[in-house]
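Structure first, then comments.
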Amino acid sequence: MSAQIIDGNAIAEKLRVETAAEVEAMTRAGLPRPGLATVLVGERKDSQSYVGMKRKRAGELGIESFGHTLPASASQEEIESLVKELNADARVNGILVQLPLPDHIDDEKVLNAISIEKDVDGFHPLNIGRLAQKGREPLFVPCTPDGVMYLIEQTGTPFKGANAVVLGRSNIVGMPAALLLVKRDATVTICHSRSKDLAGVCRQADILVAAVGRPEMVRGNWIKPGAVVIDVGTNAVPDPTAKKGYKWVGDVCFEEAKEVAGWITPVPGGVGPMTIAMLMRNTVRAAQYAAKKLA
Ligand code: GUN
């Protein structure tokens, strides 16, 4: 094996310790605890579990969490009016509307209703627009791509002039990851389901970010020797030897890729833990921002 493993669990833990220290410094200074409101619409098991983990982590770091659940039948107006209430609530510094929303809901309108100062997910069209523009800075950037960038930084790999390939163009991961890489002066190629010669394009990548949701699609011979490989995929695949009957694999065939890459994230234990760590950091930043505005 040649690749060094990027340990997302350890890196996220270091971030959480820093974030908890910031919360403590705020409360010592007599400031209110940062507050995170979560909005869960419907009964998707995966969304329930993600929101549960976010609330649990918030509690561990001393962040107040306010959980709101609405039925899958909730109307556009009900969701938007809840968001507006949370915008006006001074105890709430960050608002997280768990995606995806039910099919009858226009998620762009919901995200647009969130105050950009409380947009700790970084999904507000204005924050995304600023991310896409030269010389402009968003207040917050989406947590998973922010975590991806943080992990790449830990390897010491320079971004400037690097060939970066992003597999996937989703609003939550692929596109914002590509925009963040451009902001750091990488030369970025975005690949998607219609791209030709994926293997050939990937072989040019000094930095490869895979976020397509296809189990082990990226093979070892797609990887440039020494590349940084960040695997955002979390795919459940049947495994009769596992108690649960399945195991988690990434979008990259880890066993092959680790023989070629310079650095690689495992699945699980790579990008996954970073998303919530970044959300907590963003919530504390939102609270610090709010406190400064009041001072
Ligand atoms: N659904 C999948 N990932 C995310 C995320 O990072 N934030 C929210 N709000 N919903 C998601």
Side-chain angles (χ1 to χ4, degrees), residues 8 12 15 19 35-58 63 65-70 72 74 79-80 82-83 86-87 92-103 105-116 118-128 131 138-151 166 168-180 209-213 230-236 248 250-251 267-268 270-283 285-286:
L15 262 170
T19 305
L36 173 68
T38 57
V39 178
L40 174 63
V41 185
E43 278 162 18
R44 280 179 67 118
K45 290 272 171 284
D46 57 346
S47 292
Q48 284 173 339
S49 148
Y50 291 137
V51 168
M53 285 193 288
K54 290 169 187 181
R55 297 197 62 202
K56 180 167 173 277
R57 280 292 182 212
I63 296 171
S65 87
F66 307 95
H68 296 267
T69 47
L70 294 173
I79 302 172
E80 286 183 33
L82 172 59
V83 166
L86 298 170
N87 282 342
V92 171
N93 301 111
I95 301 171
L96 176 132
V97 178
Q98 187 65 27
L99 301 177
L101 290 167
D103 288 345
I105 301 297
D106 179 341
D107 58 1
E108 193 189 351
K109 278 175 79 184
V110 173
L111 298 174
N112 216 358
I114 298 174
S115 152
I116 67 158
K118 298 192 178 190
D119 177 35
V120 286
D121 247 335
F123 292 156
H124 190 289
L126 196 53
N127 274 326
I128 293 288
L131 181 61
L139 282 174
F140 298 101
V141 300
C143 300
T144 301
D146 205 13
V148 164
M149 297 299 284
Y150 196 91
L151 291 178
V166 180
R169 55 177 161 178
S170 71
N171 290 340
I172 292 181
V173 185
M175 190 56 76
L179 295 170
L180 282 165
V209 178
V212 278
I230 306 290
D231 191 351
V232 188
T234 36
N235 310 290
W248 295 109
D251 292 346
V267 175
V271 175
M274 296 301 292
T275 300
I276 299 183
M278 289 306 191
L279 176 69
M280 297 301 128
R281 188 166 83 161
N282 279 351
T283 303
R285 285 183 175 168

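Read the numbers this way: they start at 1 and go in the same order the structure lists the ligands and their atoms. Hydrogens, waters and symmetry mates are skipped; everything else that's a heavy atom, side chains included, is used.
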Which protein N or O atoms sit under 3.5 Å from any N or O of ligand 1? Give atom names and distances.
from, atom 1, to, atom 2, distance (Å)
ligand 1, 1 (N), Q98, NE2, 3.3
ligand 1, 1 (N), L99, O, 2.9
ligand 1, 7 (N), D121, OD1, 3.1
ligand 1, 7 (N), D121, OD2, 3.2
ligand 1, 9 (N), V97, O, 2.8
ligand 1, 9 (N), D121, OD2, 2.5
ligand 1, 10 (N), Q98, NE2, 3.4
ligand 1, 10 (N), L99, N, 3.0

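The shortest side-chain heavy-atom distance between L99 and F123 falls under the 4.5 Å cut-off. Contact of the D146 side chain with the R281 side chain is registered, since non-hydrogen atoms from C-beta on lie closer than 4.5 Å.
By the side chain to side chain donor-acceptor pair (under 3.5 Å) test, R57 is found to be paired with E60, residues two or more places apart in sequence or in another chain being considered.
Shown here is D106, whose CG atom has more than 12 heavy atoms of other residues, nucleotides or ligands within 6.0 Å. Taking a 6.0 Å sphere around CD of Q48, one finds it holds more than 12 heavy atoms contributed by other residues, nucleotides or ligands.
Atom CD1 of residue I116 and atom CD1 of residue I128 lie 12.0 Å apart, to the nearest 0.5 angstrom.
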